Asker: 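For reference, the structure I am asking about is given below.
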Amino acid sequence: MKATKWWQNTAVYQIYPKSFNDTTGSGTGDLRGITEKLDYLKDLGAGALWLTPVYPSPMVDNGYDISDYTGINPQFGTLADMEELIAEAKKRDMRIVMDLVYNHSSDQHPWFIESKSSRNNAKSGWYIWRDAKEGGSAPTNWRGIFGGSAWTYCAERDQYYLHTFAEAQPDLNWENPEVRAALFAAANFWLDKGVGGFRIDAITYIKKPAVFEDGTPDAADGMVSVHTMTANTPGILDFLHEFRREVFDGHDIFTVGEANGVSVAELPDWVGENGVFSMLFEFAHVLVPYEDGECWSKMVPWKLTKLKGALSASQAGVAKEGWYPIYFENHDRARSVNYFFPKGGDARLAAKALATILMTLRGTPFIYEGEELGMTNVKWDTIDAYDDISSHGQYELALKEGFSPAEALSFVHFNSRDNARTPMQWNDTANAGFTTGTPWLPANENYHTINAAAEEADADSVLNYYKQIIRLRKTNPVLLNGVYEELLAENEQIYAFSRTEGNRRIVTAVNFSAEEAQLPAGFLRGVRLIGSYADAPKAALRPLEAVVYEEE
Ligand code: NOJ
C-alpha cells in the first residue's frame, strides 16, 4: 500500500526533556529549552517531536509516574510554555507528540491516594487490588519489570496492589469504565491543545488475566516476570478499539504503541485499517543480545544474521498493510553505537552505519536526542552513581543470580538507561552547554569532541551525515514506498537490502565488521547516493562502511 500520510514521510525526533536543554540553570531541562532549539531540529529535518512525559510527577521513574494527566510538571514549565511550544513548532511545520502513560499512574495521583484509603471509596476499584495468599504473602510470585515483587502491601486496605513497574507506579484497572473514560478525557484534552499524536506507553499490559496464578520461576529469586504472565492478554483489543473510537478517530494524528509482547504475526490486529494504532514499536531487533527477555545478566554473543533476521521479519510484517517505526535508540536503551558494535571501532562510522539503515528501511525513522551526534555510553564507577531505577533492579537481580558486584556493574555499564539520559551535548562549554547549573546527571566527558556546535562546523560529522540522509529519504519516493528485499542474507559481515518501486531500485549495504568485507562482483551498480567514506568502495566494503546506491 502506498504511504499517503504526513507521518509516514517524516522523521520523528524523540526528546527526553529532562536532559535536553535547561534555560533556568536548575540542572533539569525544560519546555522553553525545547522551543529554543526548534530551529536546530527543523534544520536536522525532523517533522515531529515526541516528548517523554512532561506531566506533574514525583519523578520516581522520570515522569512515567504521573500524578496529574492534564498538567505540566513545574520542573519543565507551565501549560502556557507547552502551548507556546506547540504553536512555535506548528509555525515550522512540526508537530508535538505526547507520551500517554496509561497502564499505571503515580502512587501520588489523587486517584490512587483515594483508592488505597479504604476498601469502600469512590475510587476503590480504580487499581488492581487483591488479598494476600494464605499466610500473608503476595497474591502471586510475579516479578515487576524493574525487579522485586510486582505486588506491594497496603495496610489501610489489608490488601496488595499490582505494579507492573515500580512500587510507585500502581497499575490502573482498565476493566472499570470510569477509569477508561478519565484516561480518554485526558488524551482529548491534549488533542484540543493541538498535539500531533501520541506515543502510548507499556500498552500491552493494560489487560490482566481473568485468574491470577503463580508462574514457573525464571530466576534465582523464585519469581517469574510479570511480562510473561500478563503481556498481550486476550481481550486487550476491545479496550484499544474503544480508545481509538473515543480519542484517535477523526484526527490527523499518529499513534505509536509501545508493544513489547506483540509478534509480527499479530500485527494486522494492531496497526492498519482494522487495527488500533498507526504504528507499533517492535522489540525483536533491540533484544538480539538477550537470550530470553530483557535480563541484563543473561546476554549472549550474537551474530549479524540474528539482527538482520529481526529487521527483515518486521519489514515483511508490514509489507502489505500497516507501518512500522524504525528505531535503534530511545530513552530505555543504551547508545546504539555501543550496543550494536560491542567490539568498538570508529564510533563515527558506526553511527553513520546505523543512520544509513534507519533512513533507508521502509517505515518512519525515529531519532533519539544525541543519536544524530553519535553520542555514546558512559561508564560510572559505582552503582550509586546511576539514577535509573531499572539499573538498580537489574544490578540487584544479578547479585542474586550469583554475579560479583564488578560483574553486575559491567551489565549496568552496557545496558543502563542512563547511557541515553546524560545531557544533550550542545557545545564545548561546561556541562556540554546543557545547563549553567549542576546537571541532574553528569554530561558524558566526551562532549569536548562530540557536540552539536563542533559537528555543525565539520562537513564529515555524524550530524551532517544525518542531515544529508534525512533529506535523501524525504525526497526519494523509492525510500518511502519501495518494496524491501534482503540481500546477502547469510553474510555475517554485511547487511544489505534493496528497495524497489517500478523500475527504480536502491541498494543499501553496510559492513558491520571492523575488517574489509568482500562484495559479490557487480553488487553495487549505478550512482552512489550517499556513503560514509569520502570515496566509493571497490571490490570490498571498508571497515564499518555504509553506502546507498541507485541502479541506473
Ligand atoms: C516504558 C517507558 O519507555 C519506560 O521509560 C518506563 O520506565 C516504563 N514504560 C514504565 O512506564
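If you're wondering where the values come from, they're calculated on a predicted model, not measured in any experiment. Whatever order the structure lists them in is the order used to number ligands and atoms, beginning at 1.
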Asker: Taking only heavy atoms of H331, which atoms of ligand 1 are found under 4.0 Å from at least one of them?
Answerer: 2 (C), 3 (O), 4 (C), 5 (O)

Asker: Can you say whether the rings of F198 and F248 are parallel (under 30°), tilted (30 to 60°) or perpendicular (over 60°)?
Answerer: tilted

Asker: Nearest heavy atom to atom 10 (C) of ligand 1: which of D388, D61, D65 does it belong to?
Answerer: D61

Asker: Please work out whether any backbone atom (N, CA, C, O) or any side-chain heavy atom from C-beta onward of Y205 is under 4.0 Å from ligand 1, and answer side chain, backbone, both or neither.
Answerer: neither

Asker: So, does W440 use its side chain to make a donor-acceptor pair with the main chain of K18 at under 3.5 Å?
Answerer: yes

Asker: Would you call the rings of Y205 and H227 parallel, tilted or perpendicular if under 30° counts as parallel and over 60° as perpendicular?
Answerer: perpendicular

Asker: Can you establish whether the number of heavy atoms outside E175 located under 6.0 Å from its atom CD is more than 12?
Answerer: yes

Asker: Counting from 1, what ligand 1 atoms have a heavy atom of E258 closer than 4.0 Å?
Answerer: 1 (C), 3 (O), 9 (N)

Asker: Does atom CZ of R157 have more than 12 heavy-atom neighbours, drawn from other residues, nucleotides or ligands, at distances under 6.0 Å?
Answerer: yes

Asker: Going by the order shown, which atoms of ligand 1 are within less than 4.0 Å of some heavy atom of R421?
Answerer: 5 (O)

Asker: Look at the rings of H413 and Y386 and say which category their plane angle falls in: under 30° parallel, 30 to 60° tilted, over 60° perpendicular.
Answerer: tilted

Asker: Between R333 and ligand 1, find which residue part has any heavy-atom pair under 4.0 Å and reply side chain, backbone, both or neither.
Answerer: neither

Asker: Note the single closest protein heavy atom to atom 8 (C) of ligand 1, along with its residue, its atom name and the distance in Å.
Answerer: F165 CE2, 3.7 Å

Asker: Which pair of heavy atoms, one from L280 and one from A259, lies closest together, and at what distance?
Answerer: CD2-CB, 3.6 Å

Asker: Which protein non-hydrogen atom lies closest to atom 5 (O) of ligand 1, naming both residue and atom, and how far is it?
Answerer: D332 OD1, 2.6 Å

Asker: Relative to the heavy atoms of H104, which atoms of ligand 1 are at a distance of less than 4.0 Å?
Answerer: 10 (C), 11 (O)

Asker: Show the atoms of ligand 1 that are less than 4.0 angstrom away from any heavy atom in F146.
Answerer: 7 (O)

Asker: Quick check on contacts: which atoms of ligand 1 are under 4.0 angstrom from a heavy atom of R417?
Answerer: 4 (C), 5 (O), 6 (C), 7 (O)

Asker: Which one holds for H163 and ligand 1: side chain close, backbone close, both close, or neither close, with close meaning a heavy atom under 4.0 Å?
Answerer: neither

Asker: Taking all non-hydrogen atoms of both residues into account, name the closest pair between A132 and Y160 and its distance.
Answerer: CB-CE1, 3.6 Å

Asker: Counting heavy atoms only, which of N260, D201, N330 is nearest atom 11 (O) of ligand 1?
Answerer: D201

Asker: Is it the case that the side chains of T164 and D171 hold a donor-acceptor pair, with the cut-off being a distance below 3.5 Å and no angle test?
Answerer: yes

